[in-house]
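Since this is a predicted model, take the numbers as computed values, not measurements. One-based numbering, in listed order, for ligands and for the atoms of each.
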Amino acid sequence: MPSSSNNFRVLVLGGTTEASALCRDLEQTPSISTTLSLAGVTKQPHLPTLSVRIGGFGGVDGLSTWLKTHGISALIDATHPFAATMSQHAATACGTTQTPLLRLERPDWQEMPSDRWFHAANLKEAASLLANSPKWRTAPQRIFLTTGRKELAPFKIAPQHHYLIRSIDAPDPASLPPNATILLDRGPFDVNSEAKLMQDYGITLLVSKNSGGSATYPKLEAARLLRIPVLMIDRPVACPHIPTVETAQQAMAWLQAHQAASTRRKV
Ligand code: NAP
């Protein structure tokens, strides 16, 4: 249970830079008692001075119980745009427990006139396009695969291509397509270093999720500069009817409005 004596309690589902920014604002707001929840995938996460819990809730039922037993007044879903299961669970649990829910999600990247993007609805479809589409089936590519070290296995169905995979921690060897080069490196990366990397490895195709944000955008700028096409994995379909904002500042305004309304109801 958060230690503050106030009774407006907020749960932030995190794992993103937006969640961290919101937590920095909430650290300065003692009238709101906040708990940050992390899935536990990052080995050494940056932790705020707020209450933090780590690990899954045990599905929708576990989350609903957690919201009730901790007297949560509002939930901010600031998980990654591709963390669709957690967002779905939050929507269902908040519906059941009548907890106000706000989605905090950075805008997606937009294709620019000099970009050449192809689209896939999900990882599986991206891998299937690389394996079977007339464009790529018989034309081996040198692919910069930036989907994340836990999301490589689907690409085993397209072994005719070479894959450059960069990650902080080494991927599981069993998940790798046969023709892969692993580069262990940690960002930030700028457009010049991304362009040099793509040139050094003779990259002919970039595969990326449409994560949005500035941290990993330089790879797209480099692809634009070098006229390298991009196979873009579009975001999962968002839960309908959930109010959504793009910045921590807007989330703070929403929280403060809910806090004021809840105070008025109690007076
Ligand atoms: P996911 O597929 O939507 O969620 C899988 C399960 O992980 C959930 O059912 C939940 O377990 C648990 N979980 C996820 N986020 C949680 C949180 N903030 N607090 C507590 N439990 C959480 O999620 P994912 O794609 O594996 O992402 C996991 C975490 O990494 C998220 O916090 C996300 O923001 C972050 N992240 C994801 C990506 C990405 O590309 N997917 C990229 C960067 C960061 P229970 O059902 O047991 O509650």
Inset, instruction - Ignoring hydrogens, tell whether any protein atom lies closer than 4.0 Å to atom 6 (C) of ligand 1; use the non-hydrogen atoms only. - result: no

Legend entry - Side-chain (Ser128) to main-chain (Lys124) donor-acceptor, under 3.5 angstrom: no

Legend entry - Atoms in ligand 1 flagged as close to Ser37, the criterion being non-hydrogen separation under 4.0 Å: 17 (C), 18 (N), 19 (N), 20 (C)

Inset, instruction - Would you kindly check if the NZ (Lys) or CZ (Arg) of Arg186 is within the cone defined by 45 degrees around the ring axis of Phe189 and under 6.0 Å from the six-membered ring centre? - result: no

Inset, instruction - Give the contacting part of Leu38 toward ligand 1: side chain, backbone, both or neither, where contact means a heavy-atom distance below 4.0 Å. - result: backbone

Inset, instruction - Decide whether an N or O pair under 3.5 Å exists between Leu13 and ligand 1. - result: no

Legend entry - Check: Thr79/Arg103 side-chain N/O donor and acceptor closer than 3.5 Å: yes

Legend entry - Element-labelled atoms of ligand 1 that are located less than 4.0 Å from some non-hydrogen atom of Lys209: 39 (C), 40 (O)

Inset, instruction - Determine, counting only non-hydrogen atoms of the protein, whether one lies under 4.0 angstrom from atom 26 (O) of ligand 1. - result: no

Legend entry - side-chain contact (heavy atoms from CB on, under 4.5 Å) partners for Gln88, two or more places apart: Thr92, Cys239

Legend entry - Hydrophobic cluster membership, Ile242 vs Leu11, 4.5 Å side-chain cutoff: yes

Inset, instruction - Taking atom CD of Gln250 as the centre, report whether more than 12 heavy atoms of other residues, nucleotides or ligands fall under 6.0 Å from it. - result: yes

Legend entry - Partner residues of Asp234 under the side-chain contact (heavy atoms from CB on, under 4.5 Å) criterion, sequence neighbours left out: His119, Met232

Inset, instruction - Could you tell me whether some N/O pair between Ser87 and ligand 1 is separated by less than 3.5 angstrom? - result: no

Inset, instruction - Between Val41 and ligand 1, find which residue part has any heavy-atom pair under 4.0 Å and reply side chain, backbone, both or neither. - result: side chain

Legend entry - Lys/Arg N to Asp/Glu carboxylate O, Arg235 vs Glu105, below 4.0 Å: yes

Legend entry - Close-contact set for ligand 1 against Gly55 heavy atoms, below 4.0 Å: 20 (C), 21 (N)

Inset, instruction - Examine ligand 1 and decide if any of its atoms is less than 4.0 Å from a heavy atom belonging to Gly148. - result: no

Legend entry - Sub-4.0 Å heavy-atom contact, Arg53 with ligand 1: yes

Inset, instruction - May I ask you to check whether Phe57 has an N/O atom sitting below 3.5 Å from an N/O atom of ligand 1? - result: yes

Legend entry - Side-chain H-bond candidate by donor/acceptor type, Ser37 with Arg53, under 3.5 Å: yes

Inset, instruction - Closest by any non-hydrogen atom to atom 21 (N) of ligand 1: pick that one out of Pro236, Gly56, Gly59. - result: Gly56

Legend entry - Test of proximity, His80 against ligand 1: N or O pairs below 3.5 Å: yes

Legend entry - Ligand-residue contact atoms, ligand 1 with His89, heavy atoms, under 4.0 Å: 9 (O), 46 (O)

Legend entry - Within-cut-off N or O pair, Thr79 and ligand 1, under 3.5 Å: no

Inset, instruction - Work out whether the distance between some heavy atom of Gln88 and some atom of ligand 1 is less than 4.0 Å. - result: no

Legend entry - Pair Glu194 + Lys219: basic N to acidic O under 4.0 Å: no

Inset, instruction - Answer with side chain, backbone, both or neither: which part of Ala84 has a heavy atom less than 4.0 angstrom from an atom of ligand 1? - result: backbone

